[in-house]
Structure formats: structure tokens, C-alpha cells
K.L.:
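Once you've had a glance at the structure underneath, I'll fire off some questions.
Numbered from 1 within each chain, the chains take letters A, B, ... in sequence-line order.
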Amino acid sequence: MYGLLDCNNFYVSCERVFQPRYEGRPVVVLSNNDGNIISRSAEAKALGLRMGDPYFQVKELLHQHDVAVFSSNYALYGDMSRRVMWYLGQTAPAVEVYSIDEAFLDLAGLEKYHGSLDTFARKIRAGVKSRTGIPTCVGVAPTKTLAKLANRIAKKNPDLGGVLYLDNAERRAWALTQVEVGDVWGIGRQYAAKLAAAGVGTAADLARVPDAWARKHLGGVVGARLVQELQGRPCAGLHPSEDGTLSRQSLSCSRTFGRPLSAFSDVLGAVSAFLSRAAEKLRAQGDTAHVLTVYISKNRFATNVQPPFSRSATLTLPIGPTADTTVLLSYARALLNRLWEPGTVYHKAGVVLDGLEPPGVGQQLTLFAPTPPEPENKREEKTAATGRPALMASLDALNSRFGKGTVRLAAAVPAPGRGGVVGKAHAAPWEGKAQWRSPAFTTRLEDLLIVQ
DNA sequence: TCTGGGGTCCTAGGACCC
DNA sequence: TCTGGGGTCCTAGGACCC
């Protein structure tokens, strides 16, 4: 049996833990750059605010109803998530951290100790609430897809007390009739439209779709598995997360700029900063990367801009995998050069690291001098392949101790600070808005909550 | 004026290998 | 007129997830 524990309105709930005056009031949290609504309290949902609504379109409505608005505060949400996941790890035999606010639990054999899985689910839900302040719902079922479905029904029906256990065939059959096909895990907009056209309206209808049809119209083997899982036959196993943290197969960092940029140096500054961040994540995960992608995008909403809105360039590193920011950056610069169209106004940029593996696995000694980066001297040539693990470790240690961005590569620092000037750095031209960011209550000493 | 960010998995086609 | 079979690797793109 699988459990799926999902935090309710996670970002809003995190804000409320530290500022309980927002309980009972409509609250929303905005995406980066204060662009779109990405988390809503129940009261905000009741006002008709939708996930993804652009802020500027609903500004009036928010004001009219005195909705509390927050910029996203990932330092806070990430830390609260870690606390939730740590507790789950202490309590359930195996945990797969699925996202910042969700985890699958392996509940096999737990009836013995807790009477029923329903009882266990209620205990773990109460435990998360008392230890972190975060409200959750739990779905329990024989497959992951059904556990997601059960969780959804528990969320929509408060009288269930936050838990739904699909312990027998009758209950499962009933649950399938309660959920529209578009709300099934794995059915997005495109598939929902196709299914509607084929007369498939509920999860129950979808569970009866022939295997061949699912294969043909729902993404091949993915669709076939989905249907089987709805029928109660598990196709997806649990992939336990070590010590409650996610280990990724790819890592990326991208941002929409605070304003449109058309100077190469500005966009290079952004790419450098994003690459530095991605490489930090890479080292934190204890991996190296073999493949690097850089992309730059135009404004896809502008009427005078034609597709393609985004261009990307990917490179398999000729020197093999590395976790060295300086090495990666020299390749990123070359990729950006390849993509650059002078006179174009750019809106967003991003960096992706792929082909992740632990250090030492695929170390490649170069037969020919790597190009780029063109090593400037013998010492450079030596470090090009191996990187500078000690330098990177020092960088990470300093930034961990004194705060993010304390030590950066010059290329990632906006112009006025270039050259290692000490003091408060200028805001970079690519940096976006965050007008309503709450304090980092749990990760910055200066931001600690003061109780009087 | 203002429209997010970070992931996963799968497929298809081309280049290349023996 | 006729032009193999079985692979791998890489890239791009689509669909989905939270």
C-alpha cells in the first residue's frame, strides 16, 4: 500500500505558520518576479482566483477583497519542506520525496503496528501538523495513481478529516466516479480534451479504456501504465529518497529578467549567475555534470515577437563531467555566443545541467586541447579537465557560512561591483521584483521571529 | 507596464557504428 | 529495377507534474 501525503496550500500555509494573523483571511503567494499566483488559501480560491492568474490581471480583485499578497520566499518554503520530510522519514518505513510539498510513503506491513492504515495516516498527519504547523491530507491506496486520487478526494471533502483509505474494490470503484478525468495524475489539458472527445469523462471511464487505445492516444507506455494503475495494478514503485532530500537527474536555473535586456554583457551576467547557482546545487548533491544547455527567450506575450520564442544550445563537455563553476562558465559563454542575435530583446535566460554522475566515474583525460576553453597556460590546462574541487569547496563553505552570494565569480556580479569591490552589491539588471517577501524566519539569524 | 521555475519521462529522427 | 540488420548516441520536442 502507498500513502501520499500532500501539504495543503503549501506556500500559503508556510506564511501562516509564522504570521497566524493571516489565518481565516484570503492569502495568495506570487511566483518569481511577482508574476503569477502560485498558491492560494481556501478563502482566495473561493473568490475565484485561479492557479497561474497573472498578478496584474487580478490586482483589482485582490485589492477589493483585501487579499494578503506575498512574494515567494523559497528559503522559507524549502526549509519548512525539509522539516516535514524529515519527520516523515522518522515515521514511515520508506519515503519518496516527490515534490516540495508531497511525499509517497511505503506503508507495507504497518497494519500490524497501527491497527489499520487509516489510523496510521491520521497519526502521521497529526504529527506533521504539531511539529511543523503545516496542514496536510493523506491518500492511501494500492497504487501511486490511486493514492493521488484518494488524496484529492480527501482535500475536496473536509468531512473525511484529511484522510481517505481505498482499502477495498468497492471503495476504489466509488472513488473513481468522484474524479473528473482531467484531474487524474498524468492527464493534462491535451489528453483531457482528447478523452472528452472520446466520451471519457471520469476516472472510472478512463479505467475502462482498452490498453491499445491508451497506448495510441495517451503517450504510449505512459498511458497504458496510467490505466493499469487506476485499475489497482501497480506499475510504479517507490523510489526512496536518501535522508529526505531529492537527488536530481538534471538541475537548472532560469529567470525571467526584471526588465527586457538587449546587451550581451547583461545577459552574460545573468547566465553566469544562473550557472553559478546550478553548479552550487550540483555540488550540494555531490555530483558532476556531463552535459550543459544554455537558452535565451524572447517575450512570448509580445504581439510583435514571432516564434520561436526560445533558442537553446546543448554541449556534451569534451573534457568529461565536472562540477567546477569556472570550467562550466567558459563553455556557457561559448554557447551563449552561438545563440546570440544582436539587436534582439531578451526576456529570460536559463542554464540546464544534465548527465549527472558522482565524481570520478567518467573522468576524461583530453587527447587534444579542449576548445573552448582555451587554456591560457600550463596550470590552466591541468585544471581544465579536473576542475578545482578545493576552490569550489571553499566557495561553497563561505557562501554557506556567510550567506548566498558572499563570494561570486566576477562574471556573475553586475557591473558596478565587478573587480571584487567590497560592500553591498548592486542589483543586477536581470533581477526581478519581490515586493512582498516575508522574512526568512528559519534560515537567517537576522530574520528570527521575535516573541515579546 | 506587468504573464514563474524546476523537474520527469517518452518519442522520433539523424548520424554513426559494426 | 534493384539498395541489410541491429545497434548506440545525440538532439529536439511534446506531454506531463508540482
K.L.:
Please map the stems of DNA chain B, keeping only stretches of three or more Watson-Crick or G-U wobble pairs with both distances under 3.5 angstrom.
P.N.:
B:5-18 with C:5-18
K.L.:
Would you confirm whether A/Asn73, through its side chain, and A/Ser438, through its main-chain N or O, come within 3.5 Å as a donor-acceptor pair?
P.N.:
yes
K.L.:
Rounded to whole angstrom units, what separation is found between the CG atom of A/Asn151 and the P atom of C/dC17?
P.N.:
15 Å
K.L.:
Are A/Glu43 and A/Arg16 ion-paired here, with the side-chain N under 4.0 Å from a carboxylate O?
P.N.:
yes
K.L.:
Can you pull every protein N or O that's under 3.5 Å from an N or O on nucleotides 4-6 of chain B?
P.N.:
from	atom 1	to	atom 2	distance (Å)
B/dG4	OP2	A/Arg300	NH2	3.4
B/dG4	O5'	A/Asn36	OD1	3.4
B/dG4	O4'	A/Ser31	OG	2.8
B/dG5	OP1	A/Thr256	N	2.6
B/dG5	OP2	A/Thr256	N	3.2
B/dG5	OP2	A/Thr256	OG1	2.8
B/dG5	O3'	A/Arg255	NH1	3.3
B/dG6	OP1	A/Arg255	NH1	3.1
B/dG6	OP2	A/Ser254	N	2.5
B/dG6	OP2	A/Ser254	O	3.1
B/dG6	OP2	A/Ser254	OG	2.7

K.L.:
Using a heavy-atom cut-off of under 4.0 Å over every strand shown, decide if A/Tyr98 touches base, sugar-phosphate, or nothing.
P.N.:
sugar-phosphate
K.L.:
So what does A/Val184 touch, heavy atoms closer than 4.0 Å: a base, only the sugar-phosphate, or nothing?
P.N.:
sugar-phosphate
K.L.:
Without decimals, in angstroms, what is the distance between A/Leu5 CG and C/dC18 P?
P.N.:
14 Å
K.L.:
Taking the P atom in each of B/dT3 and C/dC17, what is the distance between them to the nearest angstrom?
P.N.:
25 Å
K.L.:
So do the side chains of A/Ile37 and A/Val29 get within less than 4.5 Å of each other, counting heavy atoms only?
P.N.:
no
K.L.:
Indicate, with a heavy-atom threshold strictly under 4.0 Å, whether A/Arg225 touches base, sugar-phosphate, or nothing.
P.N.:
sugar-phosphate
K.L.:
Taking atom types as modelled, find out whether A/Tyr77 and A/Glu15 have a side-chain donor-acceptor pair closer than 3.5 angstrom.
P.N.:
yes
K.L.:
Would you please say whether a donor-acceptor pair under 3.5 Å links the side chains of A/Asn9 and A/Ser39?
P.N.:
no
K.L.:
Side-chain donor-acceptor contacts of residues 335-352 of chain A below 3.5 Å, not counting sequence neighbours, with atom names and distances?
P.N.:
from	atom 1	to	atom 2	distance (Å)
A/Glu341	OE2	A/Arg311	NH1	3.2
A/Thr344	OG1	A/Glu341	O	2.9
A/Tyr346	OH	A/Glu341	N	3.1

K.L.:
Name every residue in residues 99-106 of chain A that has at least one heavy atom under 4.0 Å from any atom of DNA chain B, in order of residue number, or write none if there are no such residues.
P.N.:
none
K.L.:
Restricting both atoms to N or O, compile the protein contacts to nucleotides 13-16 of chain B shorter than 3.5 Å, with distance only.
P.N.:
none

K.L.:
What is the distance, to the nearest angstrom, from the CG atom on A/Leu218 to the C1' atom on B/dT11?
P.N.:
15 Å
K.L.:
Roughly how many Å is it from NZ in A/Lys144 to P in C/dC17, rounded to a whole number?
P.N.:
15 Å
K.L.:
Do the ring centers of A/Trp185 and A/Phe104 come within less than 6.0 Å of each other?
P.N.:
yes
K.L.:
Picking from A/Arg283, A/Lys281, A/Arg408, A/Arg277, what satisfies salt bridge (Lys or Arg N to Asp or Glu O under 4.0 Å) with A/Asp396?
P.N.:
A/Arg283
K.L.:
Tell me: CG of A/Leu30 to P of B/dT3, nearest whole Å?
P.N.:
12 Å
K.L.:
Rounded to the nearest angstrom, tell me the gap between atom CG in A/Leu335 and atom P in C/dT11.
P.N.:
11 Å
K.L.:
Name every donor-acceptor pair, under 3.5 Å, that has one atom in a side chain of residues 189-199 of chain A and the other anywhere in the protein, sequence neighbours excluded.
P.N.:
from	atom 1	to	atom 2	distance (Å)
A/Tyr191	OH	A/Gly219	N	3.4
A/Lys194	NZ	A/His217	O	3.1

K.L.:
Before giving the answer on salt bridge (Lys or Arg N to Asp or Glu O under 4.0 Å), spell out for A/Asp34 and A/Lys433 the whole-Å C-alpha distance, their side-chain angles and the decisive distance to 0.1 Å.
P.N.:
CA-CA 6 Å; A/Asp34 293 339; A/Lys433 281 183 292 192; over 6 Å; no
K.L.:
Would you say the ring centroid of A/Tyr11 lies under 6.0 angstrom from that of A/Phe70?
P.N.:
no
